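Protein chains get the first letters and strands the later ones, always in sequence-line order, with residue 1 at the start of each. Treat the numbers as computed from the prediction; the structure is a model and nothing was measured.
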Amino acid sequence: MREDCAIAVDDLTVAYNYKPVLWDIDLAIPEGVLMAIVGPNGAGKSTLIKSILDIIKPIAGSVRIFGKPYKQQHKEVAYVPQKGSVDWDFPTTALDVVMMGTYGSLGWIKRPRQKQRKLALEALEKVGMLEFKSRQISQLSGGQQQRIFLARALVQNASIYLMDEPFQGVDATTEKAIINILKELRKAGKTVIVVHHDLQTVPEYFDWVTFLNVKKIATGPVKDIFNDDNLTKTYGINYKVSVQQ
Amino acid sequence: MTSAQVEIQLIASIVAIACAIPGTFLVLRKMAMISDAISHSILPGIVVGFFLTEDLNSPWLILLAALTGVITVFLVEYIQKTGLVKEDTAIGLVFPALFSIGVILIAKNANDIHLDIDAVLLGELAFAPFDRLVVNGIDLGPKSLWVIGTILVLTLGLLFIFFKELKLSTFDKGLATSLGFSPVLLHYGLMSVASVTTVGAFDAVGAVLVVALMIAPPAMAYLLTNDLKKMLALAAFFGVLGALGGYWLAHGLDASIAGSMTSVLGVLFLIVYLFAPDKGLLSVMYRQRRQKIEVHLLTFLLHLQNHEEASERHVKHLNEHINWQTVRSKSVLELALKNNMITISDDIISLTAKGKEFTKEAINYIMTNKSAAIEEMKDRFFLFRG
C-alpha cells in the first residue's frame, strides 16, 4: 500500500444481505486529483463513497486515509451526500445546515459559536448563497439546496472531498458554479472525488477517473484511460460478450 | 382550586412537556408510530417490575419498564432488517405481542396487585395526589410529581447537552457518521428517553394517551415554525395547553381526564392544521389558488403578446382561443385590467407597456427559475394585492 495516497482502498468487498455490491476493490487515489467515479446504476458508486466514509461497514478489506483508518482522520474528510438523502422539510435554515459542517471539528457536546458562524457565512458566500442564509431549506430550489450542501462541506476545510452526485437536478449555471469551486479546491491541493453521471463532461471537468461496476474496471488519469474500451467494459458488458461469441 | 387540583394540573403539565421533547424528535424522524409501540409494550415491564418492587413509582420499575421499551425498538429494527417485513408491519407484530403478555400477567394476578386494564389504558391522574412522598414524616407532595419531575429535568439536561448531536443525526444521519458522531448511540439514547418518559407518564395518562401527548403537540408545532428550538418550545406549550384545557374540560363534564386531554389536543390540532399561517390547509389552498390565477394571467398575457392581429385579441374570441370558460376569462381579464396590464378599446385587448414588461420578465423568470426575481417583480407591479 502506498502511504502517500490520499485514499487507499484495499480488497474492499461490501455486501447487502450477502449479495456483493462491491467486489474486491483496490484503489490508490493520489493527493490533489479531481476524480470522477463513473458506472451504471447499481454499480456501487455511492456504496464505495459510503464505505470510504465508514458509513457502511465492509465484509472484507480496508480503507486508509493518508495511511490511517478513517476514525482517526474524519476531520480530513468532507462529505456531500445525495440531495435526496435528507428531509428538506426539516425545520432549519440554510445557515444552520452549513453550520453542521463545523460540528465535526467541534466534537461531542461543544456548541458552535461566533467563529463557526463566521466560517459558515464565508462558505455561503463562496457558493453565492449568502442572501439566502435565513431561508428555510424547503424554500430553496434544487440547485440552491445542492449549493448549501457544498457550502457545508467547504466549511469543514478538509483535505479530501467526497461528493455523491452533486450535479443531480441542478441547472447549467449551478453546474458551472459548482465545478468552478471544485477546480479551485484542486488548485488549493485538495483531493476531490465525485460520483458523476454525465460521461460527456468527464474530460472537461476531471483529471482522474475511476470506472466502476461492482468490480473496479480501471482507474487513472482521464487522458490515459477515458476511452471506448473502458466505457464498454463498464457499461456494455453484454454487448461485448455477444460480439465475442 | 384545591391543592389536589393544583397538583393534578402540575403533574399533567410536566408530563406534557416531558413527552413533547422526545416526541418532537420522533416526529421529525418519522417514527411517530414507534411511540405507540413503546407505550404498549412497556406493560409487561411494568407488571414484572411491580411484582418485584410492589411500588408503581419505584425507579427500578421505571428502568425495567423502560428497558422493555428499548427492547421493543430493537426488536422492530431487527425484524425490519431481515428484509422480510416492512417497518410498520414489524411494529404491528412486536408491540401487541408484548402488550398481550402484560395483559395476561395482570389478569392472572389481578387479586394480588392494584393494576387493572382500565388504569393501564387511560391512567388514573385523578388519584395521583393520594400517593404521597413522605420523608421523616414530612409530606413532600405526590410521588408521581417527583417521578415525572425528575424525568423532565433529566430530559432537559440531555437535550441541552446533546442538542447539536440530536439535530445533526436527525437531519442527516450519513453526515453525522462521517463527522465522527454515533447516530446509533443517539438513536438508542433518544429511544431510552422516550421509553423512560412513557413509563413516567403512563401512571398519569395511560398507554393510549401518552402517544397523543408525544405526537400531537410536536405535529402542531411543526406546522407553525421552521426553527427546531421554537418547535420544541411550541410543542411544550401546546402540550401544556392540551393538558390544562383537558383537565378543566373533564372537570366540567365530569369525564375522564386523559380522554378530555386527548380530545382537546385533537381540537387544537384541527385548528392549527386548518389555520397555520404558512403550512395550514387554508393557507396552502389559498396559495395554490393564487398560483393558478398567476399562471392563467401569464398564459393570457403571453397570448396577447404573441398575436398582433386584432381578431386574436377580441374579448369574445379569447374564450375560444385559449379554451377557457367565460367565468375564468372574465376574472383573468379583470385582474389584468385592474393591474393596468391591458387596455380594451372596441372589445379589442392590447397590452400596455407595463403588461409587455411584466410578460417579458415573467417568461424570463420561468426560463431561469430564479425565485428571488419574481418576488421583486410582484412588488414592482403591485400584482395580486386584492
Side-chain angles (χ1 to χ4, degrees), chain A residues 16-17 46 49-50 52-56 70-75 77-82 85-93 96-97 99-112 131-132 134-144 149 152-153 156 158 162 164 171 173-174, chain B residues 24-25 27-31 81-84 157-158 160-186 189 218 221-235 278-279 365 367-376:
Chain A
Y16 292 133
N17 294 325
S46 297
I49 280 200
K50 286 180 184 159
I52 293 172
L53 287 158
D54 211 21
I55 294 171
I56 292 174
Y70 181 82
K71 272 196 178 13
Q72 294 167 29
Q73 297 281 47
H74 69 80
K75 286 180 189 173
V77 184
Y79 172 40
V80 179
Q82 278 188 26
S85 68
V86 303
D87 173 14
W88 290 94
D89 287 325
F90 192 84
T92 190
T93 60
D96 204 36
V97 171
M99 297 261 278
M100 288 179 190
T102 67
Y103 289 6
S105 62
L106 284 168
W108 286 85
I109 299 170
K110 258 192 259 167
R111 283 142 190 277
E131 59 178 313
F132 299 99
S134 310
R135 189 72 70 92
Q136 206 275 322
I137 51 173
S138 66
Q139 310 287 319
L140 300 167
S141 71
Q144 290 171 332
F149 260 13
R152 189 177 70 172
Q156 293 183 44
L162 295 168
D164 203 343
D171 58 26
T173 327
T174 305
Chain B
T24 297
F25 288 100
V27 166
L28 289 175
R29 286 166 176 244
K30 303 179 178 63
M31 296 180 70
K81 255 185 217 147
T82 61
L84 301 175
L158 288 169
F160 186 75
I161 297 170
F162 295 112
F163 180 74
K164 177 187 88 199
E165 288 77 5
L166 275 168
K167 180 168 74 177
L168 175 63
S169 68
T170 302
F171 176 63
D172 193 340
K173 213 165 105 185
L175 183 75
T177 312
S178 78
L179 290 179
F181 298 101
S182 170
V184 176
L185 194 67
L186 289 159
Y222 181 76
L223 291 175
L224 288 169
T225 180
N226 286 325
D227 180 313
L228 181 56
K229 283 180 188 162
K230 282 183 196 152
M231 183 174 165
L232 284 159
L234 273 173
D278 283 327
K279 303 185 197 167
Y365 158 73
M367 309 294 273
T368 58
N369 195 22
K370 287 220 168 62
S371 55
I374 196 150
E375 299 303 330
E376 195 193 335

A.B. asks: Which bit of A/V80 is near chain B, if near means a heavy-atom gap under 4.5 Å: side chain, backbone, both or neither?
C.D. replies: neither
A.B. asks: Would a distance-only check, ignoring hydrogens and angles, find a side-chain to backbone donor-acceptor pair under 3.5 Å from B/K164 to A/G107?
C.D. replies: yes
A.B. asks: Is any side-chain heavy atom of A/Q136 less than 4.5 Å from a side-chain heavy atom of B/D278?
C.D. replies: no
A.B. asks: For the residue pair A/M100 and B/L179, establish whether any side-chain heavy-atom pair is separated by less than 4.5 Å.
C.D. replies: no
A.B. asks: Between A/V97, A/V77, A/L162, A/D89, which has the largest tally of heavy atom pairs under 4.5 Å with chain B?
C.D. replies: A/D89
A.B. asks: Could you tell me which non-hydrogen atom of A/D96 sits nearest to which non-hydrogen atom of B/K167, and how far apart they are?
C.D. replies: OD2-NZ, 2.7 Å
A.B. asks: Give, for atom CG of B/N226 and atom OG of A/S134, the distance between the pair rounded to the nearest 0.5 Å.
C.D. replies: 11.5 Å
A.B. asks: If you count heavy-atom pairs under 4.5 Å between each of A/K110, A/K75, A/R152, A/K50 and chain B, which one has the most?
C.D. replies: A/R152
A.B. asks: Do the side chains of A/D87 and B/F171 get nearer than 4.5 Å, heavy atoms only?
C.D. replies: no
A.B. asks: Could you tell me which portion of A/Y16 (side chain, backbone, both or neither) has an atom closer than 4.5 angstrom to a non-hydrogen atom of chain B?
C.D. replies: neither
A.B. asks: Relative to chain B, which segment of A/I137 carries a heavy atom at a distance below 4.5 Å: side chain, backbone, both, or neither?
C.D. replies: side chain
A.B. asks: Looking only at heavy atoms, what is the nearest atom pair of A/P91 and B/L28, with distance?
C.D. replies: CD-CD2, 3.4 Å
A.B. asks: How close do B/T177 and A/D54 get, heavy atom to heavy atom, and via which atoms?
C.D. replies: CG2-O, 3.8 Å
A.B. asks: For the candidates A/W88, A/Y79, A/W108, which exhibits the highest count of non-hydrogen atom pairs separated by less than 4.5 Å from chain B?
C.D. replies: A/W108
A.B. asks: Output yes when a side-chain donor or acceptor of A/Y70 lies under 3.5 Å from a complementary backbone atom of B/S178, and no otherwise.
C.D. replies: yes
A.B. asks: Tell me the closest heavy-atom pair linking B/F181 and A/Y103, and the distance in Å.
C.D. replies: CZ-O, 3.3 Å
A.B. asks: If you round to the nearest 0.5 Å, how far is OG of A/S85 from CG of B/L175?
C.D. replies: 9.0 Å
